[in-house]
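Report on one structure; see the data block that follows.
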Amino acid sequence: MRQKLADIILFAARKAFEKGKLVSGEFPAVEIGEPKTATHGDFSTNFAMVMASAQKMPPRKFAEIITGEIEDQSGLIEKTEIAGPGFINFFVKQNSWHPVLKQVFADDDKFGSCDIGDGKKIQVEFVSANPTGPLHVGHGRGATVGDSVANILSFCGYDVQREYYINDSGRQISTLGRSVYLRYLELFGENVEFPEDCYQGDYIRDIALKIKEEKGGSILDEPEEKAVMFCARVAAAEILAGIKDDLELFGVKFDNWYSEQSLFDSGKVDSVIKDFKNRHIIYEKDGAHWFRTSEYGDEKDRVVIRNNGLTTYFASDIAYHVDKFGRGFERVIDVWGADHHGYIPRLFASIEAFGRRKDQFHVILIQLVSLLRSGEPVAMSTRSGEFVTLKDVIREVGTDAARFIFLTRHYESHLDFDLELAKKQSNDNPVFYVQYVHARISSIIRKGEEQGIKDIKWEDKHIAVLKEAEEIQILKTLSAYPEAVRSAAELLEPHRITYYLMNLAAAFHSYYNKHRVLSDDPGITEGRLCLVLGIKKVIRNGLKLLGVNAPEKM
RNA sequence: GCCCCCGUAGCUCAGUGGAUAGAGCAACGGAUUCCUAAUCCGUUGGCCGCAGGUCCGAUUCCUGCCGGGGGCACCA
């Protein structure tokens, strides 16, 4: 619809220029917007204001010339108006809205999809929590956003891979091993002092106990270094398995689990460092090796190999991202917690140094989640091990409510997650508001079937029936869905789908309360059933992109 | 000190340079003989943190300041 209007305006402008009514024949792309108030029409364009100076005439004058040349061959426009400082407002004919419903039925579960991805390979890496402890609420937000972004990109024609990067190498893993080893020693009555920088949670004790049950005291005889390594491997595997379970419970599946350690084992870290050294992007100073990130906009250079010979996390991350692009991804998206923001410039530096464009890499920074219960903060101390895990949250409020709430905010905003609110079955809690639409419509359709109406499909005769103001409003809202999906994909903002769905839900509930779908008039009944089934399809499609279920009953 | 995010109605938040800034909750008043009241309709509620700048036009972009949160290792 927007595109058609834009074409009409551009055509009119060209015609006006040919007739010698305009100074310049250069026209930019025509922007078609949707006014906030209905009195300003269904669509509007600022074209006249944008063009005024180039055309050396007041915007309203220009608008008059343009509207005078409009040819509406497909009979879309009811009327146009020039308003305010020079807006051209379009009032679209009521019947122009109905084809969208036909489209919904034709495209069905593909309605709203597009091909802006053009089959390009794109990777979304998310969660990637260290296998040193269970997932918490913050990871849940990252998981939901990453998963939903992946869904949306896939729906928009990208070839998407979901990846989880496992930090199974380096210091935090040996700390994990040491933590478990010490707890293991405790189980044999040894009096150990448990350091503060070790992992404090009860799950460490559980793993130690498991090792004891499986191996008895045999680890005691091993040299400490070997024993710690053993504990580390067992613990990491155990915790990772738990993470996988939690994610599955949360409806998140990864295509690939990528091990940091494998980057070392395969020599990829070494070869990347060597390569950058040869190109003098990595240099030696004070016994350490530094990456010239400052030449690519970072505030200072960063160490990749410490003077003790060990590589930093940055080193493996460079190798990792080089490897990502090496696997053929044209775009790479990382979903991180906001506390990593300082890390972004150096990673961009390495990606540019490797010869990739800045726009091929994107970091989605997820802001903090505060867990509340009835407005009061819930204690979340990772150090003490006293924290509410993602699993606890899923058990308490359910996957659907949790995911939906995570997507009711822009991810750059801090999020208060209230456990009591998430359970409340009321309008405070938008997930039910949207799901309720799906359940209500399902119920209507079941009732219709009882009355013998089975095969609901689009027919042109419905156009004459669907003419109530609320029905037109719904058709307009349905028309807006593809645009909502596309902008969500382009901006990597899944919350746009959430807001769209709440909007569509409101339009339906409003309609439902005012008009009956099942009536004595078979023509009206069929037309309205078609309309509500169309809504049901779009609600289902949208919820699927968010990873939320669309229930038949509630 | 430097960097990132946020600041919009009493609360929680939408708003990819447009016209009279929106939604939910809260408060108040209504609606169900009938398809799910987990719903709907109405009323009240705003120096869009402050000050400059760019622009025909700024809540939106830029700069500075104020306030809240987070981050600034040869840790990850």
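Predicted model only: the values in this text are computed from it and were never measured. Computed over heavy atoms, backbone and side chain alike; hydrogens, waters and symmetry mates excluded. To find a chain, count down the sequence lines: A is the first, B the second, and so on, and within it residues start at 1.
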_Pairs touching residues 489-501 of chain A that satisfy salt bridge (Lys or Arg N to Asp or Glu O under 4.0 Å), sequence neighbours left out_ = A/Arg486-A/Glu490, A/Glu493-A/Arg496
*Name all residues meeting the salt bridge (Lys or Arg N to Asp or Glu O under 4.0 Å) criterion together with A/Glu34; count only those two or more places apart in sequence or in a different chain, and write none if there are none.*
A/Arg2
*Identify the two heavy atoms, one from A/Ile472 and one from A/Leu466, that lie closest to each other, and give their separation to 0.1 Å.*
CD1-O, 3.9 Å
*Does the ring center of A/Phe348 lie less than 6.0 Å from the ring center of A/Tyr296?*
no
*Going by the angle between their ring planes, with limits at 30° and 60°, are A/Phe47 and A/Phe27 parallel, tilted or perpendicular?*
tilted
*Tell me whether the OP1 or OP2 atom of B/rU36 has a side-chain N or O from A/Lys447 closer than 4.0 Å.*
yes
*Distance between the C1' atoms of B/rU36 and B/rG18, in whole angstroms?*
42 Å
_Passing option when A/Tyr481 is tested against A/Tyr499, A/Phe155, A/Tyr500 for ring-ring contact (aromatic ring centres under 6.0 Å, His included)_ = A/Tyr500
*Distance check: side-chain N/O of A/Ser510 vs OP1/OP2 of B/rC41, anything under 4.0 Å?*
yes
*Report which part of the nucleic acid A/Lys514 touches: base, sugar-phosphate, or nothing (heavy-atom distance under 4.0 Å, all strands).*
nothing
*What nucleic acid atoms does A/Asn130 come within less than 4.0 Å of, heavy atoms only: base, sugar-phosphate, or nothing?*
sugar-phosphate
*Of all the choices, B/rC40, B/rU16, B/rC35, which nucleotide is nearest to the side chain of A/Leu491 once you look at every atom?*
B/rU16
_If I take atom CD1 in residue A/Ile305 and atom P in nucleotide B/rA73, what distance separates them, rounded to the nearest angstrom?_
20 Å
_If I pick the C1' atom on B/rC3 and the same atom on B/rC40, what distance separates them, to the nearest angstrom?_
49 Å
*asked:* Which nucleotide wins on minimum distance to the side chain of A/Arg516, given the candidates B/rC74, B/rC35, B/rU16?
replied: B/rC35
*Starting at OH of A/Tyr436 and ending at C1' of B/rC35, how long is that distance when rounded to a whole Å?*
11 Å
*Hey, is the side chain of A/Thr37 pairing donor to acceptor with the base of B/rA19 inside 3.5 Å?*
no
*Going by atom types alone, do A/Glu260 and A/Ser316 pair a side-chain donor with an acceptor below 3.5 Å?*
yes
*If we take the C1' atom in both B/rG42 and B/rC34, what is their distance in whole Å?*
24 Å
*asked:* What is the separation between atom CE on A/Met502 and atom P on B/rU12, rounded to the nearest whole Å?
replied: 17 Å
_Using a heavy-atom cut-off of 4.0 Å across all strands, would you classify A/Ala506 as base, sugar-phosphate, or nothing?_
nothing
*Base, sugar-phosphate alone, or nothing: which one does A/Ser487 contact when heavy atoms must sit under 4.0 Å apart?*
base
*A/His410 near the nucleic acid: base, sugar-phosphate alone, or nothing, with a heavy-atom cut-off under 4.0 Å?*
sugar-phosphate
*Would A/Arg540 and A/Glu552 count as a salt bridge (charged side-chain N to carboxylate O under 4.0 Å, His left out) if you check the C-alpha gap in whole Å, the side-chain angles of each, and the deciding distance to 0.1 Å?*
CA-CA 10 Å; A/Arg540 177 202 57 198; A/Glu552 295 291 318; over 6 Å; no
*Side-chain donor-acceptor contact under 3.5 Å, A/Gln172 with A/Tyr313*: no
*Does A/His40 lie flat on the base of B/rG18, that is, centres under 5.5 Å apart and planes under 30° off?*
no
*Pairwise P distance for B/rU60 and B/rA21, with rounding to whole Å*: 15 Å
*asked:* Can you measure A/Glu493 atom CD to B/rC13 atom C1' for me and round it to whole angstrom units?
replied: 15 Å
*Quote, to the nearest angstrom, the C1' distance that separates B/rC25 from B/rC47.*
25 Å
*Does the ring of A/Phe508 carry A/Arg440 above it, NZ/CZ under 6.0 angstrom from centre and within 45° of its axis?*
no
*With respect to the phosphate group of B/rA23, does any side-chain polar atom (N or O) of A/Tyr500 fall under 4.0 Å of OP1 or OP2?*
no
*Is the centre of the A/Phe432 ring less than 6.0 Å from the centre of the A/Phe404 ring?*
no
Polar-atom pairs under 3.5 Å, protein N or O versus N or O of nucleotides 1-6 of chain B: list them with distances, or write none.
residue: B/rC3; atom: O2; partner: A/His341; partner atom: NE2; Å: 2.8
residue: B/rC4; atom: O4'; partner: A/His341; partner atom: NE2; Å: 3.3
residue: B/rC5; atom: O4'; partner: A/Gln367; partner atom: NE2; Å: 3.4
residue: B/rC5; atom: O2'; partner: A/Glu412; partner atom: O; Å: 2.3

*Looking at B/rC35, B/rA14, B/rU16, which one has an atom nearest to any side-chain atom of A/Arg409?*
B/rA14
*A/Asn89 near the nucleic acid: base, sugar-phosphate alone, or nothing, with a heavy-atom cut-off under 4.0 Å?*
base
_Is A/His509 close enough to B/rU36 that one of its side-chain N or O atoms is under 4.0 Å from OP1 or OP2 there?_
no
*Let me know the distance between CZ of A/Arg346 and C1' of B/rG71, rounded to the nearest Å.*
11 Å
*For A/Ala439, report the nucleic acid contact type (base, sugar-phosphate, nothing); a contact means any heavy atom under 4.0 Å.*
base
*From B/rC40, B/rA19, B/rU16, nucleotide with atom closest to A/Phe87 side chain*: B/rA19
*Starting at atom CG of A/Asp286, determine the distance to atom C1' of B/rA73, rounded to an integer number of angstrom.*
14 Å
*Please determine if a side-chain N or O atom of A/Arg440 lies less than 4.0 Å away from the OP1 or OP2 oxygen of B/rA37.*
yes
Between N or O atoms, less than 3.5 Å apart, protein on one side and nucleotides 56-60 of chain B on the other: list the pairs.
none

_Among A/Gln473, A/Glu468, A/Glu471, A/Glu470, the one residue meeting side chain to side chain donor-acceptor pair (under 3.5 Å) with A/Tyr511_ = A/Glu471
*Looking across every strand, which nucleic acid part, if any, lies under 4.0 Å from A/His515 by heavy atom: base, sugar-phosphate, or nothing?*
base
_Under 3.5 Å side-chain donor-acceptor pair for A/Thr37 and A/His40_ = yes
*Any ion pair linking A/Lys324 and A/Asp334 (charged N to carboxylate O, less than 4.0 Å)?*
yes
Are there any protein N/O atoms within less than 3.5 Å of an N/O atom in nucleotides 46-50 of chain B, and if so, which ones and at what distance?
none

*Compare the minimum distances between each of B/rC74, B/rA76, B/rA19 and the side chain of A/Asn167, then state the nucleotide with the smallest one.*
B/rA76
*Please check the phosphate of B/rA76 (OP1 and OP2 only) for any side-chain N or O of A/Arg306 closer than 4.0 Å.*
yes
*Verdict with supporting geometry, A/Asp301 and A/Tyr283, side chain to side chain donor-acceptor pair (under 3.5 Å)*: CA-CA 10 Å; A/Asp301 291 346; A/Tyr283 62 94; 2.6 Å; yes
*Pick base, sugar-phosphate or nothing for A/Arg496, based on heavy-atom distances below 4.0 Å to the nucleic acid.*
base
*Which atom pair, heavy atoms only, marks the closest approach of A/Leu543 to A/Asn549?*
CD1-O, 3.7 Å
*Rounded off to whole Å, could you give me the CZ-to-P distance for the A/Phe417 and B/rU12 pair?*
17 Å
*Consecutive-pair stems (at least three Watson-Crick or G-U pairs, under 3.5 Å) that include RNA chain B*: B:1-7 with B:66-72, B:10-13 with B:22-25, B:27-31 with B:39-43, B:49-53 with B:61-65
*Should A/Tyr499 be listed as having a side-chain N or O under 4.0 Å from OP1 or OP2 of B/rG22?*
no
